[in-house]
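First comes the structure, then the notes that go with it.
As the structure is a prediction and not an experimental result, all values here were calculated from the model.
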Amino acid sequence: MSTAILRQVTHISDGEYLLVFDQDGSDLKIVCNIDIRGGVPSAAFDPADLVTFGHLGDTRPIVAVVLALKRARDSSADSDR
């Protein structure tokens, strides 16, 4: 089985994003929750077993993309106030 390639990121709710990967021509959908309490970001994936068994490869670039989107959304929301 090859490593999945991130194709789409969709905002679901505050800190929650739907990630769609292409893996061997099939869609692989995973929910990523980003939490920045205390200034240190953490990520949780559902279903977690896809991450645990290495289907996503190294998750740090994935978390970086989702975190950047979250910070951009938060910054945009702050400027709208």
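At a threshold of 4.5 Å between non-hydrogen side-chain atoms, the residues Leu69 and Val9 count as touching. Residues Gln8 and Tyr17 have side chains not in contact (no heavy-atom distance under 4.5 Å, counting atoms from C-beta outward).
Remark: Ser42 pairs with Asp35 by the side-chain contact (heavy atoms from CB on, under 4.5 Å) rule, at least two apart or across chains. For Pro61, the side-chain contact (heavy atoms from CB on, under 4.5 Å) partners at least two apart in sequence or on another chain are Asp58. Looking at residues two or more places apart in sequence or on another chain, you find a side-chain contact (heavy atoms from CB on, under 4.5 Å) between Glu16 and Ile12, Ser13, Val31, Asn33. Among residues two or more places apart in sequence or in another chain, the side-chain contact (heavy atoms from CB on, under 4.5 Å) test is passed with Asp22 by Arg7.
With values rounded to the nearest 0.5 angstrom, Leu28 atom CG is found 11.5 Å from Ile5 atom CD1. Taking CD1 of Ile30 as the start and CG of Leu6 as the end, the distance is 9.5 Å to the nearest 0.5 Å. Of the inter-residue distances, the one linking Asp27 atom CG with Phe21 atom CZ reads 11.5 Å to the nearest 0.5 angstrom.
Hydrophobic clustering of Ile, Leu, Val, Met, Phe, Trp and Tyr side chains at less than 4.5 Å, counting indirect connections, keeps Val63 apart from Leu18.
For residues 62-72, every residue pair satisfying the salt bridge (charged side-chain N to carboxylate O under 4.0 Å, His left out) rule, not counting sequence neighbours, is listed here: Asp14-Lys70, Lys70-Asp74.
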